[in-house]
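In what follows, a structure is listed as structure tokens, so that the remarks can point back to it.
In this text the structure is predicted, and so the values were computed from the model without any measurement.
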Amino acid sequence: MPNDFITLTALSKELDSAVSGGKIDKISMPEADEINIHIRKGGENLILAVSANAQNPRIHLTTVKKTNPLTAPAFCMRLRKCLAGGVINGVSMLGNDRIFDFSVTARNELRDEATYSVIAETMGRYSNILLVDDNGVIKDTLKQASFDSATKRCLLPSVKYELPPRNKIPCTDLGAVKQSLLNYNGSDLTGFIMSAISGFSVATAKELIYIAGADNAAVPDEKTADKIISALLLLLNINADSAYSPCCSLVNGAEDDYFIFPYRSSSLSFTSAPTLSAAIELCIGKKDEKYRRNEHTKHLKKAHAAAVTKLKKRLEKCRARLAEASGLEKNKKFGELITANMYKIRRGDKSATVQDYYESDMPDITIPLDERLTPGQNAQQYFKRYAKQKRTLEVVNAQIKESENELEYLLSIEPSIETCSTDDEIAEVEAELIVAGALKPSGRRNKTRTKAARPYFYEVEGFTVAVGKNNLQNDKLTFKLANGGDIWAHAKDSHGSHVIVFAEGREIPESVIRTACEIACFHSQAQAGSKTVCDYTFRKNVKRHPSGKPGMVLYTTYNSATVTADEHRDLLQKD
């Protein structure tokens with residue numbers, strides 16, 4: 001990823017043009033390490049996302065409106081207090097490093113003008129967001145450190161802000177860069193640029209050499225060094241050049257990384273983007289969304305896996321007890337044979353050999369006896385074992401049935417955990433796991449849910465098709481929203497979503513039902529593009545499962561169709 005000084009300098013110039021002079025309407029903090037600054041400029045509303053996430057640090061304009069926590073974090077409150085209503089003066093880079101400086105003029109408590117800097121350091125695990133006053137003193141910081149041994153700095157309120165120490169030649173110091181190139185006598189120019197000059201990623205260093213027409217394995221002479229410096233000047237001022245063309249690299253047809261223009265030194269495929277911000281949102285936004293979802297659902301996955309493991313162990317124990325109790329008929333037979341042959345058996349006998357009249361050929365059978373007991377007491381002993389095993393079988397069979405139902409229900413929740421993305425959806429799955437006993441309710445969680453999550457709605461040939469995202473939504477769609485004449489669809493023998501085609505008094509064409517089946521298979525455990533069998537029937541043929549678990553049903557008088565799982569994203573209605 002070219003998240004280097006060259007690329008970020010182009011981004012800072014783009015952002016400076018976009019937000020300078022804009023007024024800060026509000027500031028929100030949807031994630032623990034991300035702030036969103038809402039800006040009003042020229043009659044347009046802009047959202048500036050600034051993330052200090054160690055995995056995906058990023059700064060860009062975004063169109064995504066995230067849900068905010070019910071209680072704003074302290075850092076967010078400090079930013080609001082100092083910056084709300086302020087005007088952005090400009091955006092620049094600090095220290096020839098991956099550090100953005102957003103200069104803001106606002107009014108303090110006494111209504112006097114004050115200038116602040118929102119400093120965003122996008123340096124991997126050392127990424128941070130700081131609020132600094134016009135004297136260079138830290139007012140507050142997202143990640144505090146009394147002394148960071150790696151960056152050799154103290155990051156605390158009331159401490160003077162210092163830039164991280166630099167041990168490389170700044171790429172903006174063209175004279176020093178040229179001299180270092182002339183002093184280099186190795187055979188890996190890309191590696192040298194990476195190790196000696198700041199501001200380069202591997203991809204950008206290779207592109208610099210390519211633009212200059214230099215040989216990566218040769219020692220640069222004066223002429224080659226001048227060409228490299230010219231290429232470096234082009235990259236540092238790329239925004240003013242016709243070559244500037246923000247784009248995304250493609251991997252398996254999906255946007256993977258962002259670039260200031262298609263790097264010709266690489267073998268990648270590229271797709272253009274209107275701005276570098278848009279390219280970052282396309283690439284890093286998706287990665288960040290996946291990372292956030294994994295982080296937010298980590299406790300759900302852990303609780304779900306533990307509950308499934310616990311149920312499987314319980315089933316193993318129950319089946320073991322079932323196997324132990326499987327000899328009950330034998331004990332009953334022994335008791336009856338002893339009773340029938342009481343006259344042949346004496347107290348003190350260790351065994352009795354009698355005819356087994358339960359078999360057609362009546363073979364001899366030897367029955368173990370307790371020599372301390374009378375024949376009648378031995379028979380009663382076997383009858384007692386039979387009665388105990390019979391009771392055990394009844395209890396264990398009931399426990400197995402109950403555990404299997406619970407396990408089936410828990411497994412049906414798994415797809416919802418994998419696909420839930422918004423806070424509302426995560427809250428619904430969390431509530432479901434709490435009801436299932438897999439997760440303990442905790443009042444310490446900072447919940448952000450303010451409304452019920454919305455199912456997916458599709459428009460298929462004039463018919464509305466609804467898809468539940470979890471068992472609670474499945475239950476509501478099937479038994480509260482759908483009518484008897486609507487079509488209900490579900491992937492056969494697979495956990496997944498309930499799909500409803502609302503008839504609204506009309507006859508539903510086969511093409512609509514087939515599309516609904518494809519959507520149902522996509523929102524199941526089936527893989528996209530795979531052939532899957534889908535069952536469909538009238539809603540009136542669908543009944544609640546005897547267990548009463550949400551989303552679990554029984555259905556009769558149905559048809560099946562073999563379809564290819566397809567999301568049909570083009571038919572999906574926007575919220």
Taking [atom1] in [X] as the centre, count heavy atoms belonging to other residues, nucleotides or ligands within less than 6.0 Å. Is the count above 12?
| X | atom1 | answer |
| --- | --- | --- |
| Lys301 | NZ | yes |
| Lys549 | NZ | yes |
| Lys143 | NZ | yes |

For [X] against [Y], the heavy-atom pair lying closest together:
| X | Y | result |
| --- | --- | --- |
| Tyr291 | Gln55 | CE1-CG, 3.4 Å |
| Thr141 | Leu155 | CG2-O, 3.7 Å |
| Tyr409 | Ala436 | CE2-CB, 3.9 Å |
| Leu472 | Glu428 | CD1-O, 3.7 Å |

Do [X] and [Y] have side chains that get closer than 4.5 Å, going by heavy atoms?
| X | Y | result |
| --- | --- | --- |
| Ser277 | Leu15 | yes |
| Leu79 | Leu131 | yes |
| Leu130 | Asp140 | no |
| Glu31 | Ser51 | no |
| Lys65 | Ile47 | yes |
| Pro415 | Gln525 | yes |
| Val132 | Tyr116 | no |
| Leu163 | Ile99 | yes |

### Step-by-step side-chain contact (heavy atoms from CB on, under 4.5 Å) determination, Leu48 to Thr62
CA-CA 6 Å; Leu48 178 67; Thr62 181; over 6 Å; no
### Message
If the threshold is 4.0 Å, N to carboxylate O, is there a salt bridge linking Lys298 and Glu295?
### Response
yes
Test side chain to side chain contact (heavy atoms under 4.5 Å, CB included) applied to [X] - qualifying residues, sequence neighbours left out:
| X | answer |
| --- | --- |
| Met93 | Phe5, Leu8, Thr9, Ser12, Phe100 |
| Gln179 | Asn183 |
| Ser180 | Ile169, Phe192, Ile197 |
| Leu156 | Gln144, Ser146, Cys154, Val159 |

Say whether, by atom type as modelled, one donor and one acceptor occur between the side chain of [X] and the main chain of [Y] under 3.5 angstrom.
| X | Y | value |
| --- | --- | --- |
| His498 | Gly551 | yes |
| Ser416 | Lys469 | yes |
| Ser127 | Gly124 | yes |
| Ser20 | Ser17 | no |
| Asp4 | Ser201 | yes |
| Lys287 | Asp256 | yes |
| Asn135 | Val137 | no |
| Tyr263 | Ser267 | no |
| Thr271 | Cys248 | no |

### Task
Could you name each residue pair satisfying salt bridge (Lys or Arg N to Asp or Glu O under 4.0 Å) that touches residues 38-58, not counting sequence neighbours?
Glu34-Arg58, Arg58-Asp288
### Query
What's the verdict on side-chain contact (heavy atoms from CB on, under 4.5 Å) for Glu14 and Tyr244, showing C-alpha distance, side-chain angles and the deciding distance?
CA-CA 11 Å; Glu14 182 183 284; Tyr244 184 58; 2.9 Å; yes
side-chain hydrogen bond (donor to acceptor under 3.5 Å, both in side chains) partners for [X], two or more places apart:
| X | answer |
| --- | --- |
| Asn53 | Asp33 |
| Ser412 | Asn471 |
| Thr297 | none |

#### Entry: Where at least one partner belongs to residues 158-170, residue pairs that pass side chain to side chain donor-acceptor pair (under 3.5 Å), sequence neighbours excluded
Glu121-Tyr161
### Task
Say whether His568 and Glu518, considering side chains only, have a donor N or O and an acceptor N or O under 3.5 Å apart.
yes
### Message
Side chains of Ser249 and Tyr258: any donor to acceptor distance under 3.5 Å?
### Response
no
### Message
Checking Phe270 now: which residues fulfil ring-ring contact (aromatic ring centres under 6.0 Å, His included) with it, not counting sequence neighbours?
### Response
Phe259
### Task
Please identify each residue that fulfils ring-ring contact (aromatic ring centres under 6.0 Å, His included) with His523, with sequence neighbours left out.
Tyr456
Which pairs of donor and acceptor atoms, one on a side chain in residues 228-243, lie under 3.5 Å apart (sequence neighbours left out)?
residue: Ser230; atom: OG; partner: Asp226; partner atom: O; Å: 3.1
residue: Asn237; atom: ND2; partner: Leu233; partner atom: O; Å: 3.0
residue: Asn239; atom: ND2; partner: Ala10; partner atom: O; Å: 3.0
residue: Asp241; atom: OD1; partner: Ala243; partner atom: N; Å: 2.8

### Query
Atom CD1 in Ile193, atom CG in Asn216: separation rounded to 0.5 Å?
8.0 Å
### Residue pair Val91, Leu11: steps toward the side-chain contact (heavy atoms from CB on, under 4.5 Å) verdict
CA-CA 10 Å; Val91 183; Leu11 176 63; over 6 Å; no
### Task
Begin with the C-alpha distance, continue with both residues' side-chain angles, and end with the deciding distance and a verdict on side-chain contact (heavy atoms from CB on, under 4.5 Å) for Ile6 and Leu208.
CA-CA 11 Å; Ile6 299 293; Leu208 175 71; over 6 Å; no
